[in-house]
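Structure first, commentary second.
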Amino acid sequence: MSRIPDLDFWKLCGSGTGEGFTPRPNTAVYAILCVWPDLEAAEKQLKTSKVFDQYRKKSNETWTIFLGPSSVRGEWAGKKPFDADHNLDDGPIAALTRATIKPSVALRFWKHVPAISNVIGNNNDVMFKIGIGEVPFFHQITFSIWPDVNAMAEFARRDGPHARAIQSVREGLWFKEELYARFKVINTKGTWNGHNPINIREYR
């Protein structure tokens, strides 16, 4: 990965069981996060680089989401990986949170997760969601896609397990490092469980 041209930042991630929001690893689902200078570089390297071809050959299916950062705060491994240079106009948006959990509070953190997962799972607005991570239990990443800004904001503001977990995180200083980012969903390719969950052409 480090020898791929134009690849500014990358992370190899595993997922948890179920929809990923558990510390128990799922050895069948993996995610690769890549940051490129532009869409053209991303499409070219994903098509021509041997490493991505090797991953595709070893997979039953792959799904690729092309994203444009619109807002970012925080750091990831001491770096600022995304430049916010896209506007959130009509169409789906993605939200990514990444945190390094302090070992002393890891058990308390994960006690909140099942209730949050259930709330998201019962939300008719969320179009896709998964929990992934670099290191099980301590490096947590949530990724979700919503039909628009209002739908995501309504979920974030609503009182419930998600809001209470955020309050606990802030009051207890549970994270050593954290990053929050929003993205415009530019395009998607491939399938997830046999179909493409996000049809961008419907919004154009």
Does atom CG of Asp85 have more than 12 heavy-atom neighbours from other groups under 6.0 Å away?
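For Asp85, atom CG is crowded (more than 12 foreign heavy atoms under 6.0 Å).
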Rounded to the nearest 0.5 Å, how far apart are [atom1] of [X] and [atom2] of [Y]?
X      : Y      : atom1 : atom2 : value
Leu88  : Met152 : CG    : CE    : 8.0 Å
Asp6   : Glu40  : CG    : CD    : 11.0 Å
Thr64  : Asn187 : OG1   : CG    : 10.0 Å
Met127 : Asp148 : CE    : CG    : 9.5 Å
Ile93  : Ser71  : CD1   : OG    : 8.0 Å
Glu134 : Ile141 : CD    : CD1   : 5.0 Å

With a 4.5 Å cut-off on side-chain heavy atoms, are [Y] and [X] touching?
X      : Y      : value
Phe66  : Lys189 : yes
Thr97  : Gln140 : yes
Pro69  : Leu67  : no
Trp63  : Thr191 : no
Ile65  : Val185 : yes
Arg98  : Thr142 : no
Glu178 : Arg73  : no
Val72  : Leu179 : yes

Check [X] against [Y] and note the closest heavy-atom contact, atom names and distance.
X      : Y     : value
Ile186 : Gly68 : CD1-N, 3.7 Å
Val35  : Pro81 : CG1-O, 3.3 Å
Cys34  : Met1  : SG-CE, 4.0 Å

Would Leu33 and Trp76 count as a side chain to side chain contact (heavy atoms under 4.5 Å, CB included) here? Give the steps.
CA-CA 12 Å; Leu33 182 144; Trp76 190 326; 3.9 Å; yes
Taking it one step at a time, do Phe143 and Ser15 satisfy side chain to side chain contact (heavy atoms under 4.5 Å, CB included)?
CA-CA 11 Å; Phe143 180 78; Ser15 70; over 6 Å; no
If we ignore hydrogens and angles and just use 3.5 Å, is the side chain of [X] paired with the main-chain N or O of [Y] as donor and acceptor?
X      : Y      : answer
Ser70  : Lys184 : no
Glu177 : Ala77  : yes
Asn26  : Ala28  : yes

Please confirm whether Phe128 and Trp146 have ring centers closer than 6.0 angstrom.
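When the ring centroids of Phe128 and Trp146 are compared, they turn out to be at least 6.0 Å apart.
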Strictly under 6.0 Å, is that where the ring centroids of Tyr30 and Tyr55 end up?
no
Pick one: which of Tyr180, Phe183, Trp36 meets ring-ring contact (aromatic ring centres under 6.0 Å, His included) with Phe82?
Phe183
Could you walk me through whether Thr188 and Asn196 pass the side-chain hydrogen bond (donor to acceptor under 3.5 Å, both in side chains) check?
CA-CA 8 Å; Thr188 61; Asn196 189 337; 2.9 Å; yes
Taking it one step at a time, do Val126 and Ile145 satisfy side chain to side chain contact (heavy atoms under 4.5 Å, CB included)?
CA-CA 6 Å; Val126 66; Ile145 299 178; over 6 Å; no
